[in-house]
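Step one of this worksheet: look at the structure below.
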Number of protein chains: 2
Amino acid sequence: MKTLRVPEATVTRLSIYSRYLERLDRNGVTTVSSGEIAEGVGVSPAQVRKDLAYFGEFGTRGVGYNVKDLMRYTKKILGLDHNWPLILVGAGNLGYALCTYKGFNSRGFKIVGVFDNDLTKIGKRINELEVLPMEKMPDVIKEHGVKIGIVATPNRAAQEVATYMVKNGIQAVLNFAPLPLNLPEHIEVRNVDLSVKLEILTFNLGFKSAQNV
Amino acid sequence: MKTLRVPEATVTRLSIYSRYLERLDRNGVTTVSSGEIAEGVGVSPAQVRKDLAYFGEFGTRGVGYNVKDLMRYTKKILGLDHNWPLILVGAGNLGYALCTYKGFNSRGFKIVGVFDNDLTKIGKRINELEVLPMEKMPDVIKEHGVKIGIVATPNRAAQEVATYMVKNGIQAVLNFAPLPLNLPEHIEVRNVDLSVKLEILTFNLGFKSAQNV
DNA sequence: CCTAGCATGTGAATTTTATAACTTAAACCG
DNA sequence: CGGTTTAAGTTATAAAATTCACATGCTAGG
């Protein structure tokens with residue numbers, strides 16, 4: 001088996017293709033071409049084919065791709081052929097929003113534990129979950145075999161929380177705190193920075209008005 | 001004036017450097033080297049210097065960068081030398097979380113209008129803002145000179161909402177709905193997709209365990 | 001059964017981005 | 001005051017990602 005390194009941009013797009021295919025499938029579309037996918041998600045057709053080529057041949061020449069099949073393949077590639085239990089730390093507004101976010105469930109993610117160290121939050125319910133104290137985390141991780149943790153705490157707590165997660169067996173961290181986490185090499189970390197994209201917008205707006213002078 | 005095209009990756013990193021510099025400044029650090037910034041945010045020192053070189057010379061050879069100055073320069077470049085009024089549509093849990101998110105305020109963003117078409121939400125208060133019906137949007141945009149809109153609605157409403165924003169003068173859209181928006185060429189759109197990063201994690205976890213077989 | 005048309009898959013070319021190596025300038029020390 | 005050290009800025013090199021262009025192979029129609 002040749003193990004070509006897959007660019008992260010390709011994985012990102014694959015995730016987007018995958019969701020787009022789900023939408024097509026729901027709308028009853030059975031066949032789709034690279035050009036239509038490209039059009040639908042805003043990339044070039046060649047890009048779509050190149051991205052898929054990292055993982056195999058999924059289409060039929062002269063015809064296109066079977067929507068259901070390609071949807072399944074992409075989900076399989078992304079590891080979404082089974083459910084993923086998640087834990088989340090930080091039962092603030094963001095944590096609450098993430099717990100109730102439909103987009104996670106529909107892709108096979110399920111938050112099985114919510115934690116906080118704030119006594120006023122512990123014991124409250126979010127959906128059918130009760131906010132637990134941090135000490136309960138090890139048990140929850142073991143019970144559900146959780147590998148992925150979400151950090152949705154204030155900045156000051158983020159590093160400590162992430163370290164504690166890893167100490168208890170978490171292998172990958174999705175971090176919403178806008179600061180870099182210092183974790184062991186083998187831990188996968190990705191940051192979701194809510195204001196970076198906003199600052200790209202302001203940069204571009206400024207750039208445009210500069211050009212119009 | 002030479003107008004070199006700036007890679008979006010550079011702008012993204014600039015935003016991250018900028019926030020890191022704010023943190024250093026709060027901690028009383030006055031001088032910093034490209035190597036220290038690199039270390040702090042997880043890139044290479046050459047990358048930091050190259051990124052800054054797109055915009056000018058900000059350091060002193062043999063010494064480094066003045067933290068306060070570089071912080072101001074980076075904010076200026078990103079267009080953050082003044083405040084930005086924002087509007088937000090979708091007063092659900094995510095919308096609520098974004099309205100109360102400190103990270104926006106601290107970078108000069110201020111949500112000045114929240115809208116929804118759900119009668120049970122209209123009239124409710126989020127901080128000092130009242131959730132308004134969509135029809136009030138044009139007035140709010142004009143009154144505050146709003147250029148940027150945030151879409152935090154369910155998927156089915158996202159396109160319509162974005163189109164309505166643009167019709168009323170919005171020039172840039174931050175979209176939290178995980179589907180591509182179809183808007184005029186001249187409108188800046190960036191998507192924040194909460195589950196893409198999660199799927200990168202699951203991809204990588206799967207890839208790792210495949211290697212261990 | 002053969003031909004025309006179409007869309008995939010892929011290798012090559014191009015463009016873009018990142019890294020590395022080098023040059024320049026400031027500051028400090030003897 | 002000159003030499004040494006340090007780190008920015010810059011040029012050159014390498015790597016990576018994207019686009020292009022074409023050959024391949026499937027389907028449908030006559």
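No experiment lies behind these values; they were computed from the predicted model shown. Letters A, B, ... are given to chains in the order of the sequence lines, protein chains preceding strands, and every chain is numbered from 1.
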What's the verdict on side chain to side chain contact (heavy atoms under 4.5 Å, CB included) for R13(A) and Y17(A), showing C-alpha distance, side-chain angles and the deciding distance? CA-CA 6 Å; R13(A) 285 188 297 262; Y17(A) 303 156; 3.6 Å; yes
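- Relative orientation of the W84(B) and H82(B) rings is tilted, given thresholds of 30° and 60° on the angle between their planes.
- At whole-Å resolution of the value, CG in L52(B) and C1' in dA18(C) are 15 Å apart.
- Summarising the geometry, atom NZ belonging to K75(B) is positioned 10.5 Å from atom OG belonging to S15(B); distances are rounded to the nearest 0.5 Å.
- The interatomic distance linking L70(A) (CG) with dT8(C) (C1') rounds to 12 Å, in whole Å.
- For M165(B) against V89(B), the heavy-atom pair with the smallest separation is CE-CG2, 3.5 Å.
- Residue E8(A) contributes atom CD, which lies 13 Å from atom P of dA18(C) at whole-angstrom precision.
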Going through the checks in order, is the side chain to side chain contact (heavy atoms under 4.5 Å, CB included) test met by N204(B) and E188(A)? CA-CA 8 Å; N204(B) 286 336; E188(A) 292 287 333; 3.2 Å; yes
Going through the checks in order, is the side chain to side chain contact (heavy atoms under 4.5 Å, CB included) test met by Y65(B) and L24(B)? CA-CA 12 Å; Y65(B) 302 91; L24(B) 291 179; over 6 Å; no
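- Ring geometry for F203(B) against F55(A) counts as perpendicular: the plane angle is over 60°, on a 0 to 90° scale with 30° as the lower cut.
- Minimum interatomic distance between K121(B) and A91(B) (heavy atoms only, all atoms of both residues): CD-O, 3.6 Å.
- Looking at residues two or more places apart in sequence or on another chain, you find a side-chain contact (heavy atoms from CB on, under 4.5 Å) between Y96(A) and T100(A), I126(A), N93(B).
- Within a heavy-atom distance below 4.0 Å of DNA chain D, no residue of residues 14-22 of chain A is found.
- Atom-to-atom distance recorded for I170(B):CD1 and I187(B):CD1 is 8.5 Å, nearest 0.5 angstrom.
- Residues from residues 61-69 of chain B placing a heavy atom under 4.0 Å of any atom in DNA chain C, listed by number, are R61(B), V63(B).
- Between the side chains of E22(B) and S18(B), not a single donor N or O lies within less than 3.5 Å of an accepting N or O.
- In this structure, a donor-acceptor pair under 3.5 Å is absent between the side chains of E8(A) and T12(A).
- Looking at residues 33-50 of chain B, you'll see S33(B), S34(B), R49(B), K50(B) sit with a heavy atom under 4.0 Å from some atom of DNA chain D.
- With Y54(B) as reference, V6(B) is the one residue of V6(B), V11(B), L14(B) to meet the side chain to side chain contact (heavy atoms under 4.5 Å, CB included) rule.
- Checking dT17(C), dA26(C), dT10(C) against every side-chain atom of R5(B), the shortest atom distance belongs to dT17(C).
- S106(B) and R19(B) form no side-chain donor-acceptor contact under 3.5 Å, judged by distance and modelled atom types alone.
- In summary, contact between chain B and DNA chain D, defined as any nucleotide atom under 4.0 Å from a heavy atom of the protein, begins and ends at dT6(D) to dA12(D) in the 5' to 3' direction.
- Checked by atom type, the side-chain pair R49(B)/S34(B) shows a donor-acceptor distance below 3.5 Å.
- Relative to the axis of its first five pairs, the axis of the last five pairs of the helix from dC1(C)-dG30(D) to dG30(C)-dC1(D) sits at 10°, rounded to 10 degrees.
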